[in-house]
Structures are given as structure tokens and as C-alpha cells.
There are 2 protein chains.
Amino acid sequence: MPTIIQVAAMAGVSTATVSRVLSHPDRVSETTRLRVLEVVDSLGYKPNVAARTLRTLRAAKILVTVPDISNPFFASVIRGAEEAARDAGYAVVVGDTRHDPSIEDQYADMLSSREVDGLVFLGHRLPDNLRPMISKQGARAPVVNGCEYSPDIGVPSVHIDNAAAGCDALEHLVRLGHRDIGVVTGPHVSPISRDRLAGAIQAAERHGLRDRLQVRVGDYSAQSAAGHVSDLIAQGVTGLFCFSDEMAMGAISAIRQAGLSCPDDISVIGFDDLPLARFFQPGLTTIAQPKGRIGHQAVELLVNILRGGESLVSQITLPHELVIRSSTRAIG
Amino acid sequence: MPTIIQVAAMAGVSTATVSRVLSHPDRVSETTRLRVLEVVDSLGYKPNVAARTLRTLRAAKILVTVPDISNPFFASVIRGAEEAARDAGYAVVVGDTRHDPSIEDQYADMLSSREVDGLVFLGHRLPDNLRPMISKQGARAPVVNGCEYSPDIGVPSVHIDNAAAGCDALEHLVRLGHRDIGVVTGPHVSPISRDRLAGAIQAAERHGLRDRLQVRVGDYSAQSAAGHVSDLIAQGVTGLFCFSDEMAMGAISAIRQAGLSCPDDISVIGFDDLPLARFFQPGLTTIAQPKGRIGHQAVELLVNILRGGESLVSQITLPHELVIRSSTRAIG
DNA sequence: CGCAACAATGTAATCCTTTACATCCATATT
DNA sequence: AATATGGATGTAAAGGATTACATTGTTGCG
């Protein structure tokens with residue numbers, strides 16, 4: 001592997017000039033620039049990134065951690081993040097934490113060891129070993145939270161208004177005439193799940209349906225929702241609001257297995273608007289999140305911090321949208 | 001940020017000793033080890049990875065590129081890769097190339113610049129700028145191909161026997177009595193698509209159905225398959241083999257929109273066995289690929305190369321499996 | 001014609017860690 | 001008691017790029 005020294009020797013210039021040709025072309029005369037570039041090409045020289053990082057204190061890499069990479073929702077967020085990162089000259093390191101705090105910590109260490117310049121974490125838990133950094137550097141710490149958001153951890157974040165979204169979903173079911181409504185939430189530790197539930201409860205109260213609301217706890221997986229279905233059917237539920245499309249699909253599958261039909265017997269509304277939601281049968285009514293934009297903006301926020309930007313915008317709320325397809329229908 | 005020098009000074013030892021405490025604890029006396037570790041803790045010292053990489057020529061990072069990260073199939077492969085990487089002491093950098101050769105090249109450069117130690121690429125195209133490296137280093141080049149596989153590019157790879165799988169799928173439809181069978185392939189440039197098609201055609205020939213086989217080209221996306229459905233219906237097809245579950249779902253959705261039913265009128269078989277396949281309605285009959293294992297083994301192969309292992313196993317074929325659910329049915 | 005100003009390039013320090021080699025000291029061996 | 005052995009630690013040289021500062025050479029102006 002050629003080094004800058006060999007390039008310099010072969011081009012008959014100093015290493016400084018070679019470096020300048022590559023990073024500040026305008027500070028070098030055209031003739032030498034061309035000559036150097038020719039040597040660079042012929043040798044196939046590529047600067048050693050470790051050496052550069054060591055010298056410049058910049059790894060040009062951003063870490064994005066997700067609790068579950070096989071969740072299509074996160075895949076879309078990552079894609080947005082990756083795009084924004086590439087535009088800003090950063091590569092993305094993806095960490096799949098599998099909801100495991102020790103793996104989260106492991107990845108967070110990459111920040112402390114300067115393997116990456118910043119972190120976007122898509123989950124609700126701020127890794128413990130980042131606490132000191134956050135409390136020391138405050139909003140200038142290169143850490144951004146995506147999707148979820150916890151006001152208490154003091155980290156900028158990008159998300160939708162989950163309470164409003166929860167409210168919208170429930171309102172939609174009520175508007176269709178449903179009175180006995182079931183809700184399958186995410187885990188209680190998830191702030192966005194709590195927000196959605198709060199929104200849903202508030203809407204239910206507004207219509208005097210608080211007492212008839214059947215709330216069950218899921219974990220965003222299809223299985224977890226399917227498991228609650230027979231119980232909810234027994235309770236006479238006609239409308240069901242699941243906090244993820246996967247759970248909605250699981251629930252619909254279970255409804256069918258119970259010999260009932262969605263939407264004829266039970267209307268189901270999901271959350272996220274996964275790419276497959278429209279191809280599911282029945283087409284899934286759902287709350288669409290701007291997945292790509294969430295990732296995109298989270299990275300932009302982070303890059304801003306890394307550039308020492310003063311912005312200090314700490315919370316970005318993006319719009320959600322109720323997408324009505326055929327898994328919900330007026331009662332009767 | 002503390003450096004090793006400060007730790008050394010504060011612990012009253014040389015930097016060499018600190019380094020040894022962290023990387024070769026057994027070569028240091030217990031008393032000094034404890035003393036150093038105490039200082040490391042109190043200062044929150046984390047070795048600078050760039051400096052270490054520069055010195056050791058090891059980035060401890062593996063690059064995995066995918067043509068489309070929002071494809072759940074790849075997400076599962078990545079997860080397997082990530083797991084194997086972490087076990088071997090590597091982090092995974094994920095690159096989403098969006099089928100764009102220039103982005104592929106961009107990521108491949110990370111190998112040349114030693115930002116990463118190795119590359120697993122999940123696609124069929126070997127980035128151009130890797131050619132020289134491959135032809136120079138041959139099988140010792142730290143590059144592995146996952147899922148797809150091109151015998152000509154001379155890179156070790158991990159995949160299933162796609163021809164056999166294509167054959168299995170078609171045999172299944174024939175066994176159910178279907179005679180007019182449609183196939184929606186992937187792009188022609190994709191070797192795995194060609195293999196599956198070859199397998200399917202071979203099976204059709206065996207049953208004297210070659211001429212009745214209706215072949216259409218898709219791009220693995222739901223939309224692309226949906227677009228072919230009305231035409232295939234017009235051709236009187238009763239069985240449809242799609243080269244991805246997403247296409248199968250798109251096709252089923254289109255079949256329904258055309259007023260027909262799957263599986264009553266048309267049986268559909270997919271490929272991949274995505275996590276959602278069993279929750280789809282009807283439950284998707286499909287060829288299951290060992291997604292996680294593919295990623296896992298690809299990384300293991302790569303790590304083996306990185307460790308200078310002599311293995312030189314160049315092609316690993318993993319087993320696939322026909323999973324029968326309810327989207328296929330005997331003709332009737 | 002002489003000097004200021006500036007453009008182009010070179011010199012060498014620096015980023016932080018790892019590790020080959022040197023040194024020291026204590027224990028074991030004869 | 002003298003020496004060999006080996007364990008613990010220190011010294012200092014990489015590793016490859018960037019960049020402040022120094023130097024050289026040109027151009028322009030009075």
C-alpha cells in the first residue's frame with residue numbers, strides 16, 4: 001500500500017504538497033497539482049484514514065444505533081440518516097442493540113474512543129456511559145435521539161407528535177362509529193408508547209369512552225398483538241388501535257384465525273405506514289411517520305452540533321398523517 | 001479527553017505499561033495493573049482508536065454494503081453479520097448503495113483507505129475499484145460476497161442453491177396440479193435470479209411445461225410484480241412464482257384488485273420467507289433462506305481471511321426450505 | 001532598479017498508541 | 001557466591017497524514 005511519502009518522492013515534491021493537492025487543491029499550482037494527481041492515480045494511492053483521523057480529530061463517521069434492525073421502520077429511518085450523512089461527508093456505522101443495554105453501552109463507547117464523531121440513537125434509553133458526557137457538554141454533546149424522545153435526558157431529538165397521532169387514530173375509529181375500542185401499546189418503558197396512549201385516552205375521554213377502552217401491552221411485534229386478540233374479541237371490541245403496523249398485521253391475522261373478519265367485524269388501525277402496509281390484505285389504515293425525514297433530520301442536527309453550529313434546536317417535531325385504507329370501516 | 005500519557009503520569013508508570021495493562025494484562029504485575037486501572041477509571045480514559053489503528057493496521061471494522069437497506073431480507077442478513085462481527089471483535093459499517101454503482105465504489109474506497117478491514121457485499125456487482133485488489137491478492141483479498149454469487153468475479157461467497165430452490169418452487173406448483181405457471185424474476189443482471197429461473201425452467205421442462213411457462217421480469221419490489229399480474233391473468237396462469245416475498249405480496253394484492261382470489265383462483269409462491277410472510281393474508285408459501293446464517297457465515301469467512309486463515313473455502317452453500325402456507329393450493 | 005507582497009513549496013512538529021529492544025532486579029541454580 | 005534466568009518496566013521508534021511556520025521565487029510598484 002503506497003503512502004504519501006512514496007507519492008511525494010515519485011512526484012518530486014514534499015508530502016505537504018501532496019497533502020495539499022488532495023485537501024486544498026487551490027493552494028497548489030496547476031502544474032504540480034496535475035503531476036501529483038497523476039502519480040496518485042498510477043500508484044492507486046488512498047490516504048490512510050486512521051492517520052488522518054488521528055491528526056484532524058475527525059473520524060468522518062456517525063454511529064446510528066437501533067434497537068432492532070430487522071424492523072422495517074428503522075430500516076427506513078436508517079436510510080434517511082445514511083443519505084444525510086453521505087451528503088455531509090460522513091459514513092454511517094449501524095449498531096443493532098437488540099434492546100440490550102450492554103450492547104448499547106458497547107456501541108456508545110465508540111463515541112468515547114473517538115471511533116465515530118457522533119451518535120444518533122433510535123430508542124428511548126440513553127446509554128449509561130454517555131451520562132457524564134451529556135451532563136458535562138450539555139447540548140453540545142454530539143448525541144441526538146431519533147423517534148423516541150425523553151424530555152428528561154436532555155438530548156436533542158427528532159420525532160412526531162405521538163400524543164396527537166394517538167388521538168387522531170382513536171378519533172378515526174370513533175368517527176366510524178366504534179365505541180368499544182381496544183389499544184395494543186408498546187412496552188411501558190417506551191415514552192412514545194406512553195404518549196400515544198395518553199393521546200388515545202384523552203380522545204376517548206372526550207367522547208365519554210374512557211371506561212370502555214381496553215388497553216393491552218405489546219412489544220411492537222406481530223406476535224405480541226396476536227396474543228391479545230382473542231381476549232379483546234371476548235370483550236366485544238370492534239375497533240383496534242395497534243401502536244405498530246407489525247402488530248396490526250399480527251392482530252388481523254389472529255382475527256381471521258378466530259373466524260372473524262377485518263374490517264367486517266373488527267376495524268384495525270396501525271402505526272408507521274411500513275412500505276408493505278398498502279399491500280397487506282386488507283390495506284392497512286395507519287398513522288404514517290416520515291421515516292426517512294426523521295433519520296435525515298436527526299443526522300442534520302448532529303452534523304450541526306459537530307460543526308459547532310449554534311442552532312441549539314433541541315426538539316424537532318415532524319408531521320404525521322392518517323392514511324386511510326381498508327382495514328377500518330364504519331360500524332354496522 | 002485524557003491520553004495515555006496523562007494516565008501514565010498520574011499512575012507513575014510509562015505509557016508502555018499503561019498500554020500493556022489494557023491490551024496484555026498478563027504481562028503486568030498485579031499491583032501496577034490495579035493502580036493503572038484505577039487511574040484509567042477515574043480519568044475515564046478510552047484509548048484513541050485512530051492512533052491504535054494507525055499503529056496496528058487494524059481498524060476492527062467490517063463494511064457490509066447492501067443494495068437496499070429497506071428490504072427486510074437484507075436487514076436480517078445484516079443482523080446475522082453484525083452478530084458474527086461483534087463476536088469476532090469487529091464493528092459493522094453498513095452502506096446502502098441503492099443499486100448505484102458510484103455509491104458502491106465510494107464505499108469500496110473505505111477498504112482501500114483502510115477505514116475498514118474487510119468488505120461483505122450483498123449484491124452481484126463487484127465494485128470496479130476493487131478489481132485490482134482482487135486480481136492481485138486473489139482469495140486472500142478481504143472481500144466476501146453474500147446472497148448473490150458470480151463465479152466469474154473470483155470472490156468467496158455464501159448463498160443458497162438458487163437453481164435447486166427455483167426448481168423446488170416450481171415442482172410444488174406442479175405437484176398441486178398447476179400447468180399454466182407464471183414466473184416473476186429479478187433483474188437479468190442478477191445471477192441469483194438467473195439461477196432461480198434456470199432451475200424453474202428445468203423443472204418445467206421435466207414436466208413438459210416449458211412452453212406454457214410465462215416469464216416476466218421484475219425488480220424484487222411489490223410494485224414491479226403487481227404490474228405484471230393483469231397480463232398474466234390474461235394468459236390464463238393459475239400458479240405464480242415470484243422471486244421475492246415482496247413481489248408475491250404485490251402480486252396477491254393485484255390479483256385481489258382484479259377481482260380474483262389467491263389461492264382460490266391463483267396460487268402464489270414467494271421467496272425469502274420474510275418475518276411478515278406468515279402474517280400476510282393468505283399466509284405466504286415461500287422458499288425460506290437462512291438469512292441470518294448467510295450474514296453470519298459471510299462475516300466468518302471474512303474474518304478467517306483477515307486472520308490469514310488458510311481455509312480458502314470459497315463457496316458456501318446453505319440449505320433452503322420450502323415453507324408451505326396458504327397462498328398455494330391444489331388446482332380445483 | 002530595489003523592495004514589498006504574495007504565491008508556491010518545503011521543513012518538521014504533532015496527533016496517540018503500540019511494541020521491539022534495553023534495562024533492572026529478584027530468584028533459582030550450581 | 002557468582003551467574004543464569006526470567007519477570008516487570010522503561011525508552012524510543014515507528015505508523016501516515018496534516019499544518020504552522022519558514023523559505024524561496026515572482027511579480028508589481030515606486
Side-chain angles (χ1 to χ4, degrees), chain A residues 1-40 43-61 89 91 109-117 306, chain B residues 1-40 43-61 89 109-117:
Chain A
M1 287 281 169
T3 73
I4 199 171
I5 299 176
Q6 293 163 45
V7 175
M10 192 164 295
V13 297
S14 73
T15 61
T17 299
V18 176
S19 173
R20 276 189 286 253
V21 166
L22 265 26
S23 342
H24 309 281
D26 47 310
R27 289 188 213 160
V28 173
S29 77
E30 171 136 11
T31 55
T32 45
R33 191 189 331 145
L34 260 40
R35 181 155 38 97
V36 170
L37 285 177
E38 202 163 321
V39 175
V40 165
L43 252 51
Y45 168 72
K46 288 273 163 23
N48 180 313
V49 170
R52 170 181 290 170
T53 299
L54 178 57
R55 184 59 229 246
T56 60
L57 306 177
R58 185 173 178 278
K61 240 161 257 153
D109 275 343
M110 293 181 76
L111 195 55
S112 322
S113 61
R114 275 135 300 174
E115 284 191 84
V116 296
D117 298 321
L306 289 174
Chain B
M1 286 280 170
T3 74
I4 199 172
I5 300 177
Q6 293 163 43
V7 175
M10 192 164 295
V13 298
S14 72
T15 61
T17 299
V18 176
S19 173
R20 277 188 286 253
V21 166
L22 265 25
S23 342
H24 309 283
D26 48 309
R27 289 187 213 160
V28 173
S29 77
E30 171 137 10
T31 55
T32 46
R33 190 190 331 145
L34 261 38
R35 182 154 38 96
V36 169
L37 284 177
E38 201 162 322
V39 176
V40 165
L43 252 51
Y45 168 72
K46 290 272 160 30
N48 179 313
V49 170
R52 168 180 293 169
T53 299
L54 177 58
R55 183 61 229 244
T56 60
L57 306 177
R58 184 172 179 278
K61 239 161 259 154
D109 275 343
M110 293 182 74
L111 194 55
S112 322
S113 61
R114 276 135 299 175
E115 272 184 273
V116 297
D117 298 322

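Below, read A as the first sequence line, B as the second, and so on, with proteins coming before strands; counting in each chain starts at 1. Note: hydrogens, waters and symmetry copies are ignored here, and every other heavy atom, side chains too, is used.
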Subject >> Nearest-angstrom distance from the residue atom CD of B:Glu30 to C1' of D:dG7 >> reply: 15 Å

Subject >> A:Arg33 CZ - C:dA8 C1' separation (whole Å) >> reply: 12 Å

**OP:** With heavy atoms under 4.0 Å as the rule, sort A:Thr53 into base, sugar-phosphate or nothing.
**Re:** nothing

**OP:** Would you please test B:Thr3 and B:Asn48 for side chain to side chain contact (heavy atoms under 4.5 Å, CB included) and show each step?
**Re:** CA-CA 8 Å; B:Thr3 74; B:Asn48 179 313; over 6 Å; no

**OP:** Can you check each nucleotide of nucleotides 10-19 of chain D against protein heavy atoms at under 4.0 Å and return B for base, S for sugar-phosphate only, - for none, in 5' to 3' order?
**Re:** BBBBBBBBBB

**OP:** Enter the distance from A:Leu57:CG to A:Asp117:CG here, rounded to the nearest 0.5 Å.
**Re:** 9.5 Å

**OP:** Give a yes or no on this: more than 12 heavy atoms of other residues, nucleotides or ligands lie within 6.0 Å of atom CG of A:Leu34.
**Re:** yes

**OP:** Indicate the atoms forming the closest heavy-atom contact of A:Ala11 with A:Val36, along with that distance.
**Re:** CB-CG2, 4.1 Å

Original post:
A:Arg114 side chain to B:Lys46 main-chain N or O, any donor-acceptor pair under 3.5 Å?
Top reply: yes

